[in-house]
Amino acid sequence: MNIYHKVQAMLCKQVIACTVFFMSVMLYGQPAYAQLHLDFGKTSPLRKLQIAELAISNLYVDSVDENRLVEDGIRGMIEKLDPHSSYSTAKETKSMNESLNGSFDGIGVQFNVQEDTLLVIQTILKGPSEKAGILAGDRIVAVNDTAIAGVKMSKDEIMRRLRGPKGTHVKLTVVRRGIKDKLVFDVTRDKIPVKTIDGYYMIRPQVGYIRIGSFGATTYKEFMTAVASLRKQGMRDLILDLQENGGGYLQAAVQIANEFLQPKDLIVYTVGRRFPRQEYHAQDGGQLRDGKVVVLVNEFTASAAEIVTGAIQDQDRGLVVGRRTFGKGLVQRPIDFPDGSMMRLTIAHYYTPSGRCIQKPYVKGDMKDYSMDLDNRYKHGEFYSADSIHFADSLKYYTLRKHRTVYGGGGIMPDYFVPLDTTQYTPFHRNLVAKNVIISQDLKYMDNHRKELKAHYPTFDSFFKSYEVPQSLLDSIFAEGKKLKVTPKDDAELTRTLPSLKLQLKALIARDLWDMSEYFQVINTRNNIVQQAVKLIEQ
C-alpha cells in the first residue's frame, strides 16, 4: 500500500468520526447528524479537503507547518463568506475574551510607555499595585530583575511580563520622583476588572449621562451601579451615549434595553437559515421606564449598540441623536477548537422590533468594498448632511406606538441628525495627535506637576471651574511638534487650533487626576451630539 492509500485509510478510520461529532457538538450543543446531513462519500467536499491537507503534510517536497496549513485553510474558507465571520488564534481569542468577560489577571495599573520607560498613569482602586504601595507617576524599570526600561521592549511584551495567574508574585523595581534609590515592590497578582462603562455624571440638574464603551459580561451590573449613583444625585432623565460603541454580547444589550421598555415589548429578533426566528422581549422590573431618554450614536456605533438603539427608537421610548450607525446586524456563534483558537461563524441576522434588518448590504467575499463603506459615506457627504441620504420606499418602516417613519437598509438613522464638525480640529491639531505629541507632553507635565495640581484642586468641581492650561505646556507641545516638522500653516491656523487643543489637554489632565467620567465631563462641553441631546431634553 503506497502512502496515498495510507492517507485515505487514515481518513476513513480516524478523521471522519471525530469530525462529525465535533461539528455536531459545536453547532448544536449535542450530536446532531440528521441536521448537518454530512456526506463523507467519494464526492464529499469535506473528504476532498481532508485528503488535500493530509497529502500536503505527508507528500509535499518541503516540510510544512501543519497547524498553519489548517489555519490558512480555515481563513481561506471564511474570506469567501460575510464580513464578520472570523478566525482567531488561541492568543487572540484569550485577549478578546478578557475584554468581554470583564477581567484579567495582572498587577492593576494603567500605564503608558514614555521614552522607552513604563510610566504608571493610575493604579486600579484597591488593586494589587495600590495595595503594594505603587503610586501614579512611578516608573517601573524592571520586572523580576529583567530590565524593561531602555531596552526597546514592545508594549505587548511588557504586558506579558506583568500579567500572570491570580495569586502569583512579581517583583517590580520602581524609580520614584524625589527618591534617590530604586524601590522594590512584591506584588501579588489578582483579578483586574475591565470596565465597559466609560463614564457617567450629572450633565444638568435632573439629567444624567452614561457612556457605554462596549457590551460585555459586566456591562449590565456596571450600568445599574451608574444608574443608582445618578438617581441619588437627582437624575430623572438620561442621555445614553453609544458613540464609538462597537458592540459585544447580545445578552448585555437585551438587559440594558429591558430597563427602558414595558414588559413583553419586543427588543430584537434573529433569523437564520438553520435557526428559526428567536425573539427577545422585555421582562418585569425595568427601572428606567419613566423620564426622557436620548440615545447618542455615530457611524462607529455597531452591533449590540445598534440593538439597544433600534429597540428604544422602534418602541418610541426615546429619541436618537447623531449620525447613521455602522450597520452590523449579523449574529456570530463562537466555535471553540481544542487548541484554544476559535471561529466566529455568522448564523443569523438581527432585526429591530419594527422588522428592520440592521445589517448593511455586502457582497460575499468582497471585504475591500465593505471596509471602504465609511470612506464612501464620507465622500458622498452623508456625514455632513442628512439630505444626502436617500432611502427607497421599500425600506420604509414604522415605529410601533407613534407610527413614525423609520428606514431599514443597514444601520439606525437618528431622529435628529448632527453633522460631523470638520472645523473643530485643524490639520495642525490632527498631526500633533498622529505624532503622539499631545499625549507625551501631557505625561511629562503630569509627572512634574501632579502633587501641586492635587493640592491646588482638591475636587474636580474646583478644577472644572477654574483650571486653565498653562502657556508653558502649550509651548512644550509646539516645540516638540517643530522637532517632528509639525507646525501650523500660519497664525490663523494656530489661533483656530488653541480652543480644541486646550480643551483636550484639560480633559486629559482631569482623567489623570481622577478618571474617565471627569474626562468626558470636560470634553463633552464641545461635543455637538451631546449638546444637541441636552437641548432636546431641556425643551
A.B. asks: For Thr301 and Asn245, run side-chain hydrogen bond (donor to acceptor under 3.5 Å, both in side chains): C-alpha distance rounded to whole Å, both residues' side-chain angles, the deciding distance at 0.1 Å, then the answer.
C.D. replies: CA-CA 5 Å; Thr301 303; Asn245 185 316; over 6 Å; no
A.B. asks: Decide whether a cation-pi geometry holds between Lys506 and Phe464; the criteria are a distance under 6.0 Å from NZ or CZ to the six-membered ring centre and an angle within 45° of the ring axis.
C.D. replies: yes
A.B. asks: Taking only residues two or more places apart in sequence, or in another chain, which ones meet Phe300 in a ring-ring contact (aromatic ring centres under 6.0 Å, His included)?
C.D. replies: none
A.B. asks: Given side chains that start at C-beta, do those of Arg323 and Glu299 come closer than 4.5 Å, heavy atoms only?
C.D. replies: yes
A.B. asks: Answer yes or no: does atom OH of Tyr378 have more than 12 heavy-atom neighbours from other residues, nucleotides or ligands under 6.0 Å?
C.D. replies: no
A.B. asks: Taking side chain to side chain donor-acceptor pair (under 3.5 Å) as the definition, give me every residue that meets it alongside Ser466, ordered by chain and number, with sequence neighbours left out.
C.D. replies: none
A.B. asks: Go through the structure and list residues passing salt bridge (charged side-chain N to carboxylate O under 4.0 Å, His left out) with Arg289, not counting sequence neighbours.
C.D. replies: none
A.B. asks: Run the ring pair (Phe, Tyr, Trp, His ring centres under 6.0 Å) check on Phe215 and Tyr249 step by step: do they pass?
C.D. replies: CA-CA 5 Å; Phe215 288 90; Tyr249 287 156; 10.0 Å; no
A.B. asks: Going by heavy atoms in the side chains, are Val174 and Arg139 under 4.5 Å from each other?
C.D. replies: no
A.B. asks: State, to 0.1 Å, how close Thr270 and Ala348 come at their nearest heavy-atom pair, and which atoms those are.
C.D. replies: CB-CB, 4.2 Å
A.B. asks: Please identify each residue that fulfils salt bridge (charged side-chain N to carboxylate O under 4.0 Å, His left out) with Asp186, with sequence neighbours left out.
C.D. replies: none
A.B. asks: Report yes if some heavy atom in the side chain of Val120 is under 4.5 Å from a heavy atom in the side chain of Ile140; otherwise report no.
C.D. replies: yes
A.B. asks: Measure across Asp447 and Gly137 and return the closest heavy-atom pair with its distance rounded to 0.1 Å.
C.D. replies: OD1-O, 3.8 Å
A.B. asks: Looking at every heavy atom in both Leu230 and Ile210, which two are closest together, and how far apart are they?
C.D. replies: CD1-CG1, 3.7 Å
A.B. asks: Quick one: are Gln504 and Ile438 in side-chain contact, heavy atoms under 4.5 Å?
C.D. replies: yes
A.B. asks: Does anything in residues 231-259 form a salt bridge (charged side-chain N to carboxylate O under 4.0 Å, His left out)? List the pairs, not counting sequence neighbours.
C.D. replies: Arg211-Asp241, Arg211-Glu244
A.B. asks: Return the set of residues passing side chain to side chain donor-acceptor pair (under 3.5 Å) with Ser472 (not counting sequence neighbours), or none when no residue passes.
C.D. replies: none
A.B. asks: Provide the closest heavy-atom pair for Phe428 versus Glu493 in the form atom of the first, atom of the second, distance.
C.D. replies: N-OE2, 3.0 Å
A.B. asks: Are side-chain heavy atoms of Ile212 and Thr219 found at a separation under 4.5 Å?
C.D. replies: yes
A.B. asks: Could you tell me if the side chain of Val486 sits less than 4.5 Å from the side chain of Val437, heavy atoms only?
C.D. replies: no
A.B. asks: Which of parallel (below 30°), tilted (30 to 60°) and perpendicular (above 60°) describes Tyr425 and His429?
C.D. replies: perpendicular
A.B. asks: Take the angle between the ring planes of Tyr201 and Tyr209 and call it parallel below 30°, perpendicular above 60°, tilted in between.
C.D. replies: tilted
A.B. asks: Do Arg161 and Glu157 sit within salt-bridge range, that is, some charged N less than 4.0 Å from a carboxylate O?
C.D. replies: yes
A.B. asks: Show me the donor-acceptor pairs, under 3.5 Å and distance only, between side chains in residues 510-522 and residues at least two apart or in other chains.
C.D. replies:
unit_1 : atom_1 : unit_2 : atom_2 : d
Ser517 : OG     : Tyr200 : N      : 3.0
Ser517 : OG     : Tyr200 : O      : 3.3
Glu518 : OE1    : Asp515 : N      : 3.1

A.B. asks: Can you establish whether the number of heavy atoms outside Lys292 located under 6.0 Å from its atom NZ is more than 12?
C.D. replies: yes
A.B. asks: For Val207, run the side-chain contact (heavy atoms from CB on, under 4.5 Å) check against Ile239, Val534, Leu238 and tell me which one passes.
C.D. replies: Ile239
A.B. asks: Do Pro499 and Arg526 make a side-chain contact, defined as non-hydrogen atoms from C-beta onward lying under 4.5 Å apart?
C.D. replies: yes
A.B. asks: Under the side chain to side chain donor-acceptor pair (under 3.5 Å) rule, collect the residues that match up with Glu71, sequence neighbours excluded.
C.D. replies: Tyr87
A.B. asks: Lys328: what forms a side-chain contact (heavy atoms from CB on, under 4.5 Å) with it, not counting sequence neighbours?
C.D. replies: His84, Ala302, Ser303, Glu306, Phe326, Gln332, Gln359
A.B. asks: With sequence neighbours left out, write down each residue that passes side chain to side chain donor-acceptor pair (under 3.5 Å) with Glu130, or none if nothing qualifies.
C.D. replies: none
A.B. asks: Heavy-atom distance under 4.5 Å between the side chains of Val321 and Val297, does that happen here?
C.D. replies: no
A.B. asks: Check the pair Asp138 / Val175 against side-chain contact (heavy atoms from CB on, under 4.5 Å), numbers first and verdict last.
C.D. replies: CA-CA 6 Å; Asp138 283 350; Val175 173; over 6 Å; no
A.B. asks: For the pair Lys465 and Asp461, find out whether any cationic side-chain nitrogen is under 4.0 Å from an anionic carboxylate oxygen.
C.D. replies: no
A.B. asks: Under the criterion salt bridge (charged side-chain N to carboxylate O under 4.0 Å, His left out), which of Arg324, Lys360, Lys368 is the partner of Asp373?
C.D. replies: Lys360
A.B. asks: Tell me every residue that passes salt bridge (charged side-chain N to carboxylate O under 4.0 Å, His left out) with Lys171, counting only those two or more places apart in sequence or in another chain.
C.D. replies: Asp145
A.B. asks: Parallel, tilted or perpendicular for Phe260 and Phe223, by the 30°/60° rule?
C.D. replies: tilted
A.B. asks: With the threshold set at 4.0 Å, does a side-chain nitrogen-carboxylate oxygen contact exist between Lys191 and Asp105?
C.D. replies: yes
A.B. asks: For residues 472-482, pull every pair meeting salt bridge (charged side-chain N to carboxylate O under 4.0 Å, His left out), keeping only residues two or more places apart or in separate chains.
C.D. replies: Glu480-Lys483
